[in-house]
Amino acid sequence: MSSVTSEEKLQQIAEIRQQLSQIKDVDILLENILSAARRIVNADAGSIYEYDESQNRLRIRYSQNDTQLKKLAPGEKLPYTSYSFTATTGSISGYCALNKASVNIPDVYNMGTFLDAGHTKLRPYNFNQENDLKTGYHTKSMLTTPLVMTNGKVLGVLQIINALDDDGEVVPFGKDAEFYVSYFAANVIQVYEYAYITKQLIERLVKMANYRDPRETGAHVERVSCFALEIYDRYAVNKGIPEDVRNKFRDNLKLAAKCHDLGKVGVPDKILKKEGKLNDSERSVMEGHTCVGAQIFTPFENDLDLMARDVCLHHHARWDGGERGYPGKFDYESYVPESELPQDREPISGEEIPLAARIVALADVYDALRHRRCYKEPWTLDDTVGEIRAESGKQFDPEVVDAFLQVINRLEAINKDIS
């Protein structure tokens, strides 16, 4: 850091903020905020937490660790971890959230005292050694900063670990690092607020759809969105998709996947909530939800609208163009809600189906099989994987299936975490 002037560092932060402002999804943004903060002060690892003020709970959303990542094969990720806990001043992140104050610790295993308003005091918090013991990693220096909105609401906590000098040795975070991270946090909070509001709007749309069809829960929508992202990340590595293209696509996908069944608001209750088997006419009306969802995002104003439209319209298409796929090549804008789809529709197949829709199709089926429905018990993992393998090249894009199989452990971890 000594070789970079203060002006250059502040300019770097301004450029990072501009890049982050292009991100729409709050989860993708959190991941990128953590990466950027670590890059600004050359930190080896870190975590970012969301704070739920109403329940006074912190939830870890993303963890990064370059030392651990270097042990993995290219394209692999660290194991999925997500947990929540009550925020208290006994934990470092809890102290920061509750006091809206940053904490800089040179050595978490030898914290000692700190200065508070000119007085020397014992630190009220302790370092949880559990993760170090589990992974063999050694945490030493730690800088923790709250992410506070302009109205004073704490949205989260940014925690970066093990500052590295030019020789790669762990050193304490200096006063300059404190300043740059604090300045960075103040600069990105408005971007975070905007993404947070966008998330709230999408979740309200999803909640509206849930009121119509209580079987489609918010947890299902969140899981499908997370599954889709994991599958795409592996698919993108397999295909060698450039990082800039990958980042833009995954940002849109995380939100678009949540919208896949919004069109069910246009299906009559007598069909949507029917317990028994649908007849052919009722099934055709139900299938019209794909067109209603696409209509919600038409006309599209941006790439997110376009992807959401594609996902809504085509996430029930089949890779092989089989007749069970729908709605096919069809002027969806002419569809009248609560009516049957026309009979003379041509199928859509293969790469005619937008990639986002092909990924969400698999994520949606995986979730449906692994969870109980009114008409079935949850399938085992082995049976689920067997079914998806059997449908490779039929219902699903074979390359998407390959990516799915490569990340199945992460998907199962997410599946257990979001209920």
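Being a predicted model, the structure only gives us computed values, none of them experimental. Below, all heavy atoms of this structure are taken into account, side chains as well, without hydrogens, waters or symmetry copies.
The closest donor-acceptor contact from the side chain of Arg345 to the backbone of Lys329 lies at 3.5 Å or more, if one exists at all. With hydrogens and angles disregarded, a donor-acceptor distance shorter than 3.5 Å links the side chain of Gln295 to the backbone of Tyr332. No donor-acceptor pair closer than 3.5 Å links the side chain of Arg358 to the backbone N or O of Asp397. A side-chain donor-acceptor contact under 3.5 Å links Ser339 to the backbone of Val336. No donor-acceptor pair closer than 3.5 Å links the side chain of Asp44 to the backbone N or O of Asn162. A donor-acceptor contact shorter than 3.5 Å links the side chain of Ser21 to the backbone of Gln18. Side-chain atoms of Lys140 do not come within 3.5 Å of backbone N or O of Val171 as any donor-acceptor pair. Put simply, the side chain of His315 gets close to the backbone of Cys312: a donor and an acceptor are under 3.5 Å apart. The main-chain N or O of Asn56 is never found under 3.5 Å from a side-chain atom of Asp52 such that the two would form a donor-acceptor pair.
Residue-environment remark: CD (Gln200) exceeds the threshold of 12 foreign heavy atoms within 6.0 Å. Within 6.0 Å of OH in Tyr80 there are more than 12 heavy atoms belonging to other residues, nucleotides or ligands. A 6.0 Å sphere centred on CZ of Arg389 holds no more than 12 heavy atoms belonging to other residues, nucleotides or ligands.
Proximity of the aromatic rings of His314 and His260 is defined here by a centroid distance below 6.0 angstrom, and this criterion is not met.
To the nearest 0.5 Å, atoms OG (Ser225) and CG (Asp27) are separated by 7.0 Å. Note: Arg324 CZ to Gln395 CD = 7.0 Å, rounded to the nearest 0.5 Å.
Looking at Asn279 and Arg283, their side chains never bring a donor and an acceptor atom within 3.5 Å of each other.
Partners of Lys207 under the salt bridge (Lys or Arg N to Asp or Glu O under 4.0 Å) rule, at least two apart in sequence or in another chain, do not exist in this structure.
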